[in-house]
Amino acid sequence: VVFAELLQRLINSRIKALLGEMMGINTCKFEGHILVCGWNGRGPYLIREIISSGQQAALIAKERPADLNSEIFFVQGNPSERESLLKGGITKAQGAIILGDPDFGEDDSHSILTALAIEDAAPDVYTVMELHNPENERYAHYAHVDDILYSDSLIAGITSMCTHNEGISAFIRDMLSTADDGHSFAAVNVDAKYEGKTIDELFAALKRKDVLPIGIIAPDKPGAPVSEWVSQVNPDGKIRVTLPMKAVCIVKDSYTENK
């Protein structure tokens with residue numbers, strides 16, 4: 001009888017936990033995960049890429065998407081509210097991605113409010129924001145967003161490129177996806193041992209690690225946040241490495257920086 005009662009309590013506890021997760025009322029226990037804030041038509045593709053990279057993810061949205069992968073921890077709520085962010089494990093997350101969510105309005109104001117809430121709750125979390133209007137970029141910087149992506153202009157640029165370069169779409173799909181077994185871009189932190197060496201020397205060392213360096217990202221003034229670093233594609237090989245710096249490379253999807 002005692003065993004039966006214990007088994008019943010265990011089953012009830014598990015059912016309660018599963019229902020709580022499905023309804024989005026539990027608190028995420030992940031660590032080092034990606035917290036997706038908001039949902040739109042690009043959400044499923046984003047989740048696919050995160051899962052393919054081997055990373056855990058949580059989502060905060062007004063309603064649970066019907067086709068949301070069961071591996072994703074779901075929080076039903078408003079990502080611009082501190083309580084929802086804490087339920088999504090923001091303080092233990094590696095990064096946060098803010099999507100423009102039509103359930104909270106068609107402009108960028110809610111995304112900026114979400115960024116401000118993240119900055120307040122977990123200022124050290126790396127944040128990427130999707131913006132529609134370039135005029136709102138300065139407000140994103142006020143919220144200390146680390147990276148900004150203009151989805152509309154990016155898609156338009158890629159589409160235009162494909163119309164002028166026959167067959168390049170297959171190459172772009174490979175480069176922009178980690179869900180296949182192909183290649184993608186990576187920004188590799190330049191090690192201190194390359195300080196003062198030339199870009200040619202740095203790139204030669206990276207090529208020996210089976211990656212193809214194509215450019216660098218570095219600050220143009222001391223203390224500049226990564227979101228304001230300046231990129232150089234195919235830089236002059238005689239330039240001396242000055243840290244901090246990142247080398248932008250084409251890598252196999254299985255590549256790890258510690259290789």
Side-chain angles (χ1 to χ4, degrees), residues 30-36 42-59 69-72 93-97 99 125-128 130 146-151 154-155 157-162 164-195 197-219 226-227 229-237 239 241-259:
F30 294 160
E31 293 186 14
H33 61 294
I34 300 298
L35 179 58
V36 180
R42 289 174 288 281
Y45 303 100
L46 173 63
I47 293 297
R48 183 188 67 177
E49 296 296 330
I50 294 173
I51 292 175
S52 296
S53 71
Q55 200 155 26
Q56 293 177 307
L59 166 68
N69 190 295
S70 60
E71 297 179 36
I72 306 303
Q94 176 184 323
I97 300 174
L99 295 179
V125 169
Y126 194 89
T127 309
V128 179
E130 177 186 49
D146 296 290
D147 260 325
I148 298 169
L149 180 66
Y150 298 101
S151 298
L154 178 62
I155 293 171
I158 291 174
T159 303
S160 176
M161 185 188 303
C162 291
H164 295 95
N165 297 274
E166 185 177 350
I168 201 172
S169 61
F171 178 86
I172 293 174
R173 282 196 301 271
D174 180 18
M175 295 305 305
L176 296 182
S177 175
T178 57
D180 52 21
D181 193 26
H183 298 76
S184 56
F185 291 112
V188 180
N189 291 306
V190 176
D191 193 275
K193 65 184 178 182
Y194 297 109
E195 177 91 49
K197 294 185 180 297
T198 66
I199 294 296
D200 277 343
E201 290 174 308
L202 169 64
F203 281 15
L206 290 171
K207 287 177 181 177
R208 289 194 289 272
K209 295 182 179 181
D210 296 328
V211 303
L212 178 62
I214 59 174
I216 58 173
I217 309 172
V226 177
S227 60
W229 286 16
V230 177
S231 64
Q232 293 185 55
V233 179
N234 192 26
D236 185 342
I239 294 175
V241 172
T242 303
L243 300 180
M245 178 183 288
K246 292 177 180 286
V248 179
C249 308
I250 296 176
V251 304
K252 294 180 179 179
D253 288 338
S254 58
Y255 172 81
T256 58
E257 190 168 336
N258 294 326
K259 180 179 177 180

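Numbering of residues begins at 1 and proceeds along the displayed sequence. Hydrogens, waters and symmetry mates play no part in the numbers below; they use all other heavy atoms, side chains included.
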Inset, instruction - Say whether, by atom type as modelled, one donor and one acceptor occur between the side chain of Thr127 and the main chain of Val125 under 3.5 angstrom. - result: yes
Inset, instruction - Please report the shortest heavy-atom distance between Gly43 and Leu99, naming the atom on each side. - result: CA-CD1, 4.1 Å
Inset, instruction - Work out which heavy atom in Pro244 is nearest to a heavy atom in Ala218; give both atom names and the distance. - result: O-CB, 4.0 Å
Inset, instruction - Just jot down the side-chain contact (heavy atoms from CB on, under 4.5 Å) partners of Gln56, sequence neighbours excluded, or say none. - result: Phe30, His33
Inset, instruction - Compare every heavy atom of Thr198 with every heavy atom of Gly237, then report the nearest pair and how far apart it is. - result: O-CB, 3.3 Å
Inset, instruction - For Ala247 and Val190, work out which heavy atoms get closest and say how close. - result: N-CG2, 3.9 Å
Inset, instruction - Using the test side-chain contact (heavy atoms from CB on, under 4.5 Å), find all partners of Glu166 that sit at least two apart in sequence or belong to another chain. - result: none
Inset, instruction - Could you check if a side-chain atom of Val36 sits within less than 4.5 angstrom of a side-chain atom of Ile50, using non-hydrogen atoms only? - result: yes
Legend entry - Atom pair CG (Leu202) and NZ (Lys193), whose distance is rounded to the nearest 0.5 Å: 10.5 Å
Inset, instruction - First locate atom CG of Asn189, then atom OH of Tyr194, and finally report the distance between them rounded to the nearest 0.5 Å. - result: 13.0 Å
Legend entry - Validation row: Ile172, Cys162 side chains within 4.5 angstrom (heavy atoms): yes
Inset, instruction - Report the residues that fulfil side-chain contact (heavy atoms from CB on, under 4.5 Å) with Leu154, sequence neighbours left out, ordered by chain and then residue number. - result: Leu149, Ile158
Legend entry - Smallest separation among heavy atoms of Pro235 and Ile214, with atom names: CD-O, 4.2 Å
Legend entry - Val226 versus Tyr126, closest heavy-atom pair with distance: CG1-OH, 3.9 Å
Legend entry - Heavy-atom side-chain contact between Ile216 and Ile199 under 4.5 Å: yes
Legend entry - CD1-CD distance between Ile217 and Gln232, expressed to the nearest 0.5 angstrom: 10.5 Å
Legend entry - Note, Val188 side chain near Lys246 side chain (heavy atom, < 4.5 Å): no
Inset, instruction - Determine yes or no for a side-chain-to-main-chain donor-acceptor pair under 3.5 angstrom, with Glu71 supplying the side chain and Ala57 the backbone. - result: no
Inset, instruction - First locate atom CZ of Arg208, then atom CG of Asp210, and finally report the distance between them rounded to the nearest 0.5 Å. - result: 11.5 Å
Inset, instruction - Could you tell me whether the side chain of Pro213 reaches within less than 4.5 Å of the side chain of Val248, counting heavy atoms only? - result: no
Inset, instruction - Apply the side-chain contact (heavy atoms from CB on, under 4.5 Å) test between Leu59 and each candidate in Ile72, Asn69, Ile34; give the one that qualifies. - result: Ile72
Inset, instruction - With rounding to the nearest 0.5 Å, note down the distance linking CG in Leu212 to NE2 in His183. - result: 9.0 Å
Inset, instruction - Say whether, by atom type as modelled, one donor and one acceptor occur between the side chain of Ser160 and the main chain of Gly157 under 3.5 angstrom. - result: no
Legend entry - Between CD1 on residue Ile97 and CD on residue Glu49, distance to nearest 0.5 Å: 10.5 Å
